[in-house]
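The next block holds one structure in the form of structure tokens; read it before the comments.
Side-chain atoms are counted along with the backbone in the values below, which use heavy atoms only and exclude waters and symmetry mates.
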Amino acid sequence: GEARSQLSGLGNNPEVSLLLADIALQNSQLDEASGHVRTAQGLLADAANAQLEARAYFLQGRLDEKRSNFENALDHYRSATALDALNLNYRLAVSDLLFNLGNLDVARSELEQYQTLVQGQDAALARNPKLLSQLGRIKWAQGNLKAAATDLETAVVQRGSRDSVSQAQDLKTLAFI
């Protein structure tokens, strides 16, 4: 609505185009989102910005995933990760899609590589509740129940009451272990 029209008035800016793409994607307006991503990519061709390029790849991956084009989605998510290796959301997107496609070992490896990468920089990043929750689910699916329970319990504690919906999902998963 109003936010979209205000953003549209800001002119040709790759960041604005990516914000508009994200809004359109959240509203399931896939063609509109694709147009905004293409606009951003065109603008980024003239002014390189690795973080914005990564975001464009990520949004293109989300579009591909919504259209059930999973191989392209994985390629785009991996391109985003290559440009911005510390962005957990990009890693989670790769891992989540691999998990849903049944490739548990690679899904787990993706997140464990991220943990190794960030461990030396900021231990809190390696213990992010979203990361631990996804790792716990993967380990559960692999039959590694003790490690799954540990990751999920830590995620629940880390979340506290700030994210009650995700915390409830983690607690439900723990109940099955």
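Applying the salt bridge (Lys or Arg N to Asp or Glu O under 4.0 Å) rule to Asp31 yields the partners Arg67; only residues at least two apart in sequence or on another chain are considered.
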Q: Decide side chain to side chain contact (heavy atoms under 4.5 Å, CB included) for Gln142 and Asp105; before the verdict, give the C-alpha distance in whole Å, the side-chain angles of both, and the deciding distance to 0.1 Å.
A: CA-CA 8 Å; Gln142 291 176 317; Asp105 291 337; 2.8 Å; yes
Q: Give the intermediate values and the outcome of side chain to side chain contact (heavy atoms under 4.5 Å, CB included) for residues Arg108 and Asn144.
A: CA-CA 12 Å; Arg108 181 175 174 176; Asn144 189 346; 4.1 Å; yes
Q: Please assess Glu112 against Leu135 for the test side chain to side chain contact (heavy atoms under 4.5 Å, CB included), listing each intermediate value before the final yes or no.
A: CA-CA 8 Å; Glu112 289 174 342; Leu135 271 172; 4.1 Å; yes
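Using a 4.5 Å heavy-atom threshold, the side chains of Arg62 and Leu59 count as touching. Looking only at side-chain heavy atoms (C-beta outward), His36 and Leu19 stay at 4.5 Å or farther from each other. Considering only heavy atoms from C-beta on, Glu153 stays 4.5 Å or farther from Val156 through its side chain. At a threshold of 4.5 Å between non-hydrogen side-chain atoms, the residues Phe99 and Leu104 count as touching. You'll find the side chain of Thr81 reaches within 4.5 Å of the side chain of Glu110, heavy atoms only. Residues Leu25 and Lys66 form a side-chain contact, since some pair of their non-hydrogen atoms from C-beta on lies under 4.5 Å apart. With a 4.5 Å cut-off on side-chain heavy atoms, Phe58 and Tyr77 count as touching. Side-chain contact check for Asn49 versus Pro14: every heavy-atom pair is 4.5 Å or farther apart.
For Arg78, the CZ atom is densely surrounded, since the number of other residues' heavy atoms within 6.0 Å is greater than 12. Summarising the local packing, CD of Gln41 is surrounded by more than 12 heavy atoms from other residues, nucleotides or ligands at distances under 6.0 Å. In Gln26, the CD atom is crowded: over 12 heavy atoms of neighbouring residues, nucleotides or ligands sit closer than 6.0 Å.
Closest non-hydrogen pair, Ala155 versus Leu132, comes out as CB-CB, 4.0 Å. The two residues Trp140 and Leu145 come nearest to each other via the heavy atoms CD1-CD2, 3.3 Å. Taking both residues in full, the closest heavy atoms of Leu152 and Ile177 are given as CD1-CD1, 3.7 Å, listed atom of the first, atom of the second, then distance. Of all non-hydrogen atoms in Val118 and Ala126, the two that sit nearest each other are CG2-N, 3.6 Å. Across every non-hydrogen atom of Ala80 and Ala54, the tightest pair is CB-O, 3.2 Å. Pairing each heavy atom of Ala50 with each of Leu83, the nearest pair is O-CB, 3.8 Å.
Both Leu117 and Leu111 are assigned to one and the same hydrophobic cluster, defined by single-linkage of ILVMFWY side chains at heavy-atom distances under 4.5 Å. Taken together through direct or relayed side-chain contacts under 4.5 Å among Ile, Leu, Val, Met, Phe, Trp and Tyr, Phe70 and Tyr90 form part of one hydrophobic cluster. Leu52 and Val16 fall into different hydrophobic clusters, where Ile, Leu, Val, Met, Phe, Trp and Tyr side chains are chained together by heavy-atom contacts under 4.5 Å. A continuous path of ILVMFWY side-chain contacts below 4.5 Å connects Leu101 to Val106, so both sit in one hydrophobic cluster.
A side-chain N or O of Ser109 and one of Gln113 form a donor-acceptor pair less than 3.5 Å apart.
The structure places CD of Gln158 at 6.0 Å from CZ of Arg127, a figure rounded to the nearest 0.5 Å. Separating the CG atom in Asn89 from the CG atom in Leu131 is a distance of 11.0 Å, to the nearest 0.5 Å. Separation of atoms CG (Leu86) and CD (Gln51) is listed at 9.5 Å; rounding is to 0.5 Å. In this structure, CZ in Arg159 is found 8.0 Å from CD in Gln169, a value given to the nearest 0.5 Å. We find the CG-CG distance between Leu98 and Asn103 to be 5.5 Å, quoted to the nearest 0.5 Å. Once rounded to the nearest 0.5 Å, the distance linking CZ of Arg91 with CD of Gln115 reads 11.0 Å.
Under a 3.5 Å cut-off, the side chain of Asn27 and the backbone N or O of Ile23 do form a donor-acceptor pair. Using a distance-only test at 3.5 Å, with no hydrogens or angles considered, a donor-acceptor pair links the side chain of Asn128 to the main chain of Lys130.
Using a cut-off of 4.0 Å between Lys/Arg side-chain N and Asp/Glu carboxylate O, Asp22 and Arg55 are scored as salt-bridged.
Among Asp170, Asp96, Asp151, the one residue that satisfies the salt bridge (charged side-chain N to carboxylate O under 4.0 Å, His left out) test with Arg137 is Asp170.
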